[in-house]
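In what follows, a structure is listed as structure tokens, so that the remarks can point back to it.
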Amino acid sequence: MVIRYLAGLTLPGLLVLLFTRVTYNRFIGLVLTVALIAGSVYKGYTNTFILIVVDAFSLTVGFWLAAKMKPRSVKKS
């Protein structure tokens with residue numbers, strides 16, 4: 001049970017950062033991660049309210065860190 005809470009505390013935030021890096025848009029990264037979490041809730045993998053709150057906290061932290069990431073510089077040719 002502890003593993004679920006630790007994963008819920010770290011993985012959604014990391015997924016937001018990953019999807020933000022891939023799509024270059026933090027809002028799309030957040031939406032994709034929320035869709036994955038919604039799918040896991042629908043399938044029954046996230047079964048307690050506290051785990052959903054932990055996931056939401058991790059999403060918030062990941063979104064905040066994505067906003068703080070250095071934007072990609074464009075090379076002038």
Side-chain angles (χ1 to χ4, degrees):
M1 195 62 152
V2 174
I3 294 174
R4 284 188 182 188
Y5 289 108
L6 288 176
L9 195 59
T10 57
L11 292 179
L14 291 175
L15 282 173
V16 170
L17 292 175
L18 173 75
F19 289 144
T20 300
R21 253 345 217 176
V22 170
T23 61
Y24 300 111
N25 190 335
R26 64 183 173 154
F27 295 106
I28 293 175
L30 180 69
V31 168
L32 288 172
T33 307
V34 167
L36 284 174
I37 291 175
S40 74
V41 170
Y42 179 73
K43 292 295 274 183
Y45 299 121
T46 307
N47 52 5
T48 62
F49 181 74
I50 295 180
L51 192 54
I52 294 171
V53 170
V54 168
D55 285 342
F57 175 74
S58 180
L59 283 171
T60 305
V61 171
F63 187 73
W64 179 75
L65 286 174
K68 296 293 181 186
M69 282 193 313
K70 183 179 175 184
R72 187 174 184 183
S73 62
V74 177
K75 291 184 179 181
K76 295 180 182 178
S77 358

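Please read these numbers as outputs of a predicted model, since none were measured by experiment.
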Problem - Member of I28, L36, L30 meeting the side chain to side chain contact (heavy atoms under 4.5 Å, CB included) criterion with F19 - result: L36
When you compare the side chain of [Y] with that of [X], does any pair of heavy atoms fall below 4.5 Å?
X	Y	value
M69	L17	yes
I37	L59	yes
F63	T33	no

Is [X] linked to [Y] within one hydrophobic cluster, defined over Ile, Leu, Val, Met, Phe, Trp and Tyr using a side-chain heavy-atom separation of less than 4.5 Å?
X	Y	value
L32	L15	yes
V61	I50	yes
V54	F57	yes
L9	Y5	yes

Practice task
Mind checking side-chain contact (heavy atoms from CB on, under 4.5 Å) for T46 and listing every partner two or more places apart, or none if nothing turns up?
Solution key: S40, V41, L51, I52, D55
Practice task
Taking all heavy atoms of A7 and all of P12, pick out the closest pair and write down the distance.
Solution key: O-CD, 3.5 Å
